[in-house]
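Structure, as structure tokens:
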Amino acid sequence: MSLRITTWNANSIRLRESSLKRIVAEIRPDVLCLQEIKVEDDKFPYDLCRELGFPHLHVHGQKAYHGVAVLSKLPLEQCHARKWCGNGDCRHAICTLPGGIELHNFYIPAGGDIPDPEANPKFRHKLDMLEELTGYFGGRKGDGARMVVLGDLNIAPLETDVWSHRQLLDVVSHTPVETEGLIRLQEAYGFVDAVRTVIPPSQKLFTWWSYRNRDWDASDRGRRLDHIWLSPALAPHLVTAEVRRAARGWENPSDHVPVTVELSVRP
DNA sequence: ATGGTGGATTTTCCA
């Protein structure tokens, strides 16, 4: 069977009803992972999600900041969250999909403006979470899990993941300490960057464009911050991957667009 | 070099 999994940073789910409907209608994900829902669990739009065909919901939200959710047409099992960096931020959800596929939905800290962990606690937090994740997944290397790791990782690792590699080397999201840290995390377990398997690194590819640019499409000063990785056991089942750039031009858009993989798996 | 916009909750913080 074909399994379509989408990740999307909604930047406030309560303001994105029309975008959510379009994603469901036009991308038709079986599983939709959200970040930055910016709402507490009891204020999440459960009924809307059920009406859109997702009876299985796992919401890990908090007031005003962060928050992740998994919407699924297929049953979800063992939904839970892990605690990272010893705080209560809702930046991660884990669910098991049919066929024993372990799904990790992440919202890694943006990291503030100053790329110096001594001067900027938010950047320190970002690097700390990366390192903790590297230790966790590194410790599981070779366990043979069928795993999807996705979300807003807030780092654009490749030169072609930003509009200007040279001009962004000192900008949080593309500094060497971050890009090298993200690659270390990826390699600690041996994750395959699914989207870059389909769209080669020779092509520029972005998933986020700042609201601050007058004409996001014409200036095209984007970054690839949203990712979908597959474990070695799952990577051979990748069929295709897609970034829905057009979503940035929808009415009242999020600043991030949906990223989707299609897998061919036996449940 | 600077500031630009948008979201949630205020009298600013975060991205």
Side-chain angles (χ1 to χ4, degrees), chain A residues 7-23 33-45 48 59-69 84-85 87-92 105-117 119-130 150-157 161-164 166-175 177-179 181-182 206-227 243 245-259:
Chain A
T7 179
W8 181 47
N9 180 322
N11 188 15
S12 175
I13 192 61
R14 288 177 293 185
L15 289 183
R16 306 289 175 228
E17 181 171 335
S18 68
S19 289
L20 188 62
K21 287 177 171 170
R22 277 189 83 164
I23 288 168
C33 297
L34 305 176
Q35 303 88 34
E36 282 206 281
I37 58 174
K38 294 188 173 179
V39 69
E40 288 164 296
D41 290 2
D42 61 356
K43 294 190 174 68
F44 187 83
L48 171 64
V59 179
H60 187 46
Q62 73 184 77
K63 188 177 179 179
Y65 302 108
H66 326 313
V68 294
W84 303 98
C85 301
N87 68 40
D89 283 5
C90 294
R91 296 181 179 275
H92 183 208
N105 179 13
F106 280 108
Y107 176 55
I108 288 181
D113 288 331
I114 303 162
D116 174 0
N120 174 10
K122 292 199 273 266
F123 197 69
R124 172 84 273 160
H125 181 202
K126 185 178 197 175
L127 298 182
D128 286 348
M129 185 162 170
L130 268 185
L150 57 72
D152 178 3
L153 307 185
N154 263 316
I155 297 172
D161 289 339
V162 291
W163 63 276
S164 167
R166 188 179 56 81
Q167 285 178 262
L168 287 172
L169 273 170
D170 295 322
V171 175
V172 172
S173 72
H174 194 62
T175 65
V177 66
E178 293 169 87
T179 58
L182 191 69
F206 313 139
T207 66
W208 171 90
W209 293 260
S210 171
Y211 287 124
R212 297 178 192 182
N213 286 320
R214 198 167 298 266
D215 186 337
W216 72 274
D217 197 21
S219 61
D220 201 21
R221 295 189 166 193
R223 308 176 199 170
R224 188 172 74 108
L225 305 179
D226 304 273
H227 301 272
V243 174
R245 178 183 171 108
R248 185 63 178 78
W250 292 351
E251 191 181 347
N252 190 25
S254 169
D255 44 357
H256 295 254
V257 300
V259 180

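Chain letters run A, B, ... following the sequence lines, proteins first, then strands; residues in each count from 1.
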(request) Could you check A:Asn154 against A:Pro253 and say which one's nearest nucleotide on DNA chain B is further toward the 5' end? (result)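 On the 5' side of the pair lies A:Pro253.
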(message) Pick the closest DNA chain B nucleotide for A:Tyr211 and for A:Tyr107 by heavy atoms, then say which residue is nearer the 5' end.
(response)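 Taking each residue's closest nucleotide, the earlier one in sequence belongs to A:Tyr211.
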(message) Please determine whether the number of non-hydrogen atoms from other residues, nucleotides or ligands lying under 6.0 Å from atom CG of A:Asp113 exceeds 12.
(response)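 No, because the 6.0 Å sphere around CG of A:Asp113 holds 12 heavy atoms or fewer from other groups.
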(message) Looking at A:Asp170, I'd like to know if its CG atom is crowded, meaning that more than 12 non-hydrogen atoms belonging to other residues, nucleotides or ligands lie closer than 6.0 Å.
(response)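 Not buried by this count: 12 neighbours or fewer within 6.0 Å.
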(message) Classify A:Arg221 by what it touches in the nucleic acid, base, sugar-phosphate, or nothing, heavy-atom distance under 4.0 Å.
(response)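 Contact class for A:Arg221: none.
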(request) Looking at every strand, decide which applies to A:Asp152 at a 4.0 Å heavy-atom threshold: base, sugar-phosphate, or nothing. (result)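 The residue A:Asp152 makes no contact with any strand.
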(request) Would you mind telling me which of A:Asn105, A:Asn154, A:Asn11, A:Asp152 makes a side-chain hydrogen bond (donor to acceptor under 3.5 Å, both in side chains) with A:Gln35? (result)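 The single option meeting the side-chain hydrogen bond (donor to acceptor under 3.5 Å, both in side chains) with A:Gln35 is A:Asn105.
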Could you state the atom-to-atom distance from [atom1] of [X] to [atom2] of [N] in whole Å?
{"X": "A:Lys38", "N": "B:dG6", "atom1": "NZ", "atom2": "C1'", "value": "8 Å"}
{"X": "A:Trp216", "N": "B:dA15", "atom1": "CH2", "atom2": "P", "value": "23 Å"}
{"X": "A:Asp113", "N": "B:dG3", "atom1": "CG", "atom2": "P", "value": "13 Å"}
{"X": "A:Arg212", "N": "B:dT2", "atom1": "CZ", "atom2": "C1'", "value": "11 Å"}
{"X": "A:Gln35", "N": "B:dC14", "atom1": "CD", "atom2": "C1'", "value": "17 Å"}
{"X": "A:His66", "N": "B:dA15", "atom1": "NE2", "atom2": "C1'", "value": "11 Å"}
{"X": "A:Asp255", "N": "B:dG7", "atom1": "CG", "atom2": "P", "value": "9 Å"}
{"X": "A:His125", "N": "B:dC14", "atom1": "NE2", "atom2": "P", "value": "13 Å"}

For the [atom1] atoms, the ones on [N] and on [M], what distance do you get once it is rounded to whole angstrom?
{"N": "B:dT10", "M": "B:dT5", "atom1": "P", "result": "24 Å"}
{"N": "B:dA15", "M": "B:dG3", "atom1": "C1'", "result": "15 Å"}
{"N": "B:dT2", "M": "B:dG6", "atom1": "P", "result": "23 Å"}
{"N": "B:dG4", "M": "B:dC14", "atom1": "C1'", "result": "16 Å"}

(request) Consider the side chain of A:Ala64, meaning its heavy atoms from C-beta on, and name the nucleotide among B:dC13, B:dT9, B:dA15 that approaches it most closely. (result)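 Among the listed nucleotides, the one closest to the side chain of A:Ala64 is B:dT9.
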(message) If you only use heavy atoms from C-beta on, which nucleotide in B:dG7, B:dA15, B:dT9 is closest to the side chain of A:Lys63?
(response)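 Ranking B:dG7, B:dA15, B:dT9 by closest atom to the A:Lys63 side chain puts B:dT9 first.
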(message) Minimum heavy-atom separation for A:Pro117 and A:Arg124, please, with both atom names.
(response)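 The answer is CB-NH1, 3.5 Å.
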(message) Tell me whether the side-chain N/O atoms of A:Asn252 come closer than 4.0 Å to OP1 or OP2 in B:dG7.
(response)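 Checking B:dG7 against A:Asn252, a side-chain N or O does come within under 4.0 Å of OP1 or OP2.
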(message) Can you see if the side chain of A:Arg16 gets near the phosphate of B:dG7 - specifically, an N or O under 4.0 Å from OP1 or OP2?
(response)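 Yes, within the criterion.
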(request) Answer whether the closest heavy-atom distance between the side chains of A:Lys126 and A:Ile155 falls below 4.5 Å. (result)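 A:Lys126 vs A:Ile155: side chains touch.
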